[in-house]
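Note that these values count all heavy atoms, side chains included, but never hydrogens, waters or copies made by symmetry. Numbers restart at 1 for each chain; the letters A, B, ... are given by sequence-line order, proteins then strands.
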2 protein chains.
Amino acid sequence: MRTINRLDQVLELLRRHGGRVTTTRRAVVRAILESPEHHITAIALTDQLRLTHPDLAPSTVYRTLDALCEIGVLEHTHLGHGAAVFHMTGERHAHAVCHVCGAVVQVPDHHFGELRRDLAAEFGFEIAPEHVALSGRCVRCRTTES
Amino acid sequence: MRTINRLDQVLELLRRHGGRVTTTRRAVVRAILESPEHHITAIALTDQLRLTHPDLAPSTVYRTLDALCEIGVLEHTHLGHGAAVFHMTGERHAHAVCHVCGAVVQVPDHHFGELRRDLAAEFGFEIAPEHVALSGRCVRCRTTES
DNA sequence: ATAATTGCAAAGTCTTTGCAGTTTG
DNA sequence: CAAACTGCAAAGACTTTGCAATTAT
């Protein structure tokens with residue numbers, strides 16, 4: 001239920017900003033909202049949507065994502081190598097990526113208290129936790145490797 | 001003085017690992033060691049070195065950087081969009097990148113205490129501070145923008 | 001000598017752009 | 001109908017790979 005509402009909210013917002021709601025855009029937004037980890041790359045999104053919309057162009061996906069970012073409902077993060085991941089805004093968490101196996105852990109915002117305070121005090125820098133990409137080794141790789 | 005020693009240390013290590021020390025490699029290592037912010041992209045490195053070594057190929061730079069990473073003296077970090085930055089290991093700091101103007105702030109390791117502890121406790125995840133790329137807004141852009 | 005490195009060119013990945021045709025509001 | 005969206009193809013940024021010629025050890 002909540003998902004359906006969210007979908008409509010996003011599309012409505014798009015319309016209000018002078019954008020148009022098309023079958024493709026509806027499908028893109030739905031796919032993002034339903035993506036398992038709540039984050040997905042443009043390429044994965046394209047591949048997935050091609051199953052039902054065979055001639056969807058990558059450029060269309062990128063432009064739709066841009067449009068969503070511009071109205072502020074979507075954000076992207078660069079998780080180390082490879083493609084950026086997109087996720088809806090308001091999900092206040094950072095990503096921690098294992099540089100060995102690529103596993104992604106979502107880190108709740110409240111762990112950033114100290115860092116946020118220190119950076120603001122020392123550098124006047126305001127961190128955006130949802131953009132943050134931490135890097136390190138996950139449990140599995142720590143125990144397996146050494 | 002210290003820079004010269006460091007250069008020779010690196011080159012010696014390279015030799016010990018079966019690598020060869022060439023004019024090009026010496027120039028690459030020197031340029032990294034002398035790079036103003038202690039981090040530089042492969043492309044910037046190539047452009048800079050081309051001034052004195054006109055037909056240095058990008059691939060040579062990339063391969064040299066790879067070789068240095070493999071012997072453990074160099075690391076790279078993806079700072080959001082664009083090219084990865086390389087820096088010598090042992091510089092225990094993270095980077096905070098302003099997503100408005102691209103400015104980079106170096107964040108000393110000790111600010112990561114809480115985050116490191118929490119991530120280890122909650123997820124078993126071990127963060128590598130020197131790989132971390134924080135994102136947010138720098139002082140200038142905070143005051144200028146809004 | 002022989003194994004590593006080099007330059008060049010081609011290819012690969014992710015993303016952006018130009019354009020003519022189609023669709024939405 | 002006008003403005004926005006679409007697919008396609010081409011280009012762009014960054015990086016990797018193959019190969020024959022060169023060079024360090």
Side-chain angles (χ1 to χ4, degrees), chain A residues 8 10-29 31 39-50 52-71 74-86 97 102 133, chain B residues 8 10-29 31 39-50 52-71 74-86 97 102 133:
Chain A
D8 289 340
V10 169
L11 297 177
E12 177 51 29
L13 196 58
L14 204 45
R15 240 187 303 253
R16 250 198 306 250
H17 280 258
R20 281 160 195 192
V21 174
T22 63
T23 309
T24 303
R25 291 185 153 194
R26 201 186 315 275
V28 169
V29 176
H39 54 239
I40 187 166
T41 67
I43 291 184
L45 203 46
T46 306
D47 289 348
Q48 181 186 319
L49 289 169
R50 284 227 216 219
T52 48
H53 304 245
D55 33 56
L56 171 64
S59 58
T60 300
V61 173
Y62 281 105
R63 282 191 275 230
T64 301
L65 295 174
D66 277 358
L68 294 171
C69 287
E70 249 158 45
I71 64 175
L74 189 69
E75 298 184 316
H76 71 282
T77 308
H78 293 270
L79 259 40
H81 301 82
V85 304
F86 289 81
V97 189
Chain B
D8 288 339
V10 169
L11 295 177
E12 177 52 31
L13 196 58
L14 204 45
R15 239 185 305 250
R16 249 197 306 250
H17 280 258
R20 281 157 197 194
V21 174
T22 63
T23 311
T24 304
R25 289 186 155 193
R26 200 186 316 274
V28 169
V29 175
H39 54 241
I40 188 167
T41 66
I43 291 184
L45 203 46
T46 306
D47 289 348
Q48 181 185 318
L49 291 170
R50 284 228 215 219
T52 47
H53 303 246
D55 34 55
L56 171 64
S59 59
T60 300
V61 174
Y62 281 105
R63 282 191 275 230
T64 300
L65 295 174
D66 277 0
L68 294 171
C69 287
E70 248 157 46
I71 64 176
L74 188 69
E75 299 185 317
H76 71 281
T77 309
H78 293 270
L79 259 39
H81 302 81
V85 304
F86 289 81
V97 189

Subject >> Side chain proximity check, R25(B) to L14(B), heavy atoms < 4.5 angstrom >> reply: yes
**OP:** Check if the side chain of S59(A) and the base of dC8(D) share a donor-acceptor pair of N or O atoms closer than 3.5 Å.
**Re:** yes
Subject >> Estimated bend of the helix from dA1(C)-dT25(D) to dG25(C)-dC1(D) (axis per five terminal pairs, rounded to 10 degrees) >> reply: 30°
Under 4.0 Å: is that the gap between some side-chain N or O of [X] and OP1 or OP2 of [N]?
X	N	value
T22(A)	dC5(D)	no
R15(B)	dT25(D)	yes
R20(B)	dA3(C)	no
T60(B)	dT5(C)	no
R63(B)	dT16(D)	no

Please state how far atom [atom1] in [X] lies from atom [atom2] in [N], giving the value in whole angstrom units.
X	N	atom1	atom2	value
Y62(A)	dT16(C)	OH	P	7 Å
D66(B)	dC14(D)	CG	P	17 Å
I43(B)	dG12(D)	CD1	C1'	11 Å
L11(A)	dA4(D)	CG	P	18 Å

Subject >> Sugar-phosphate, base or nothing in reach of A67(A), heavy atoms under 4.0 Å >> reply: nothing
Original post:
Can any side-chain N or O of R50(B) pair as donor or acceptor with the backbone N or O of L56(B) at less than 3.5 Å?
Top reply: yes
Original post:
When V85(A) is tested against each of I40(A), T77(A), L45(A) for side-chain contact (heavy atoms from CB on, under 4.5 Å), which residue passes?
Top reply: T77(A)
**OP:** On DNA chain D, check which nucleotide each of T23(B) and D55(A) is closest to and give me the residue with the more 5' one.
**Re:** D55(A)
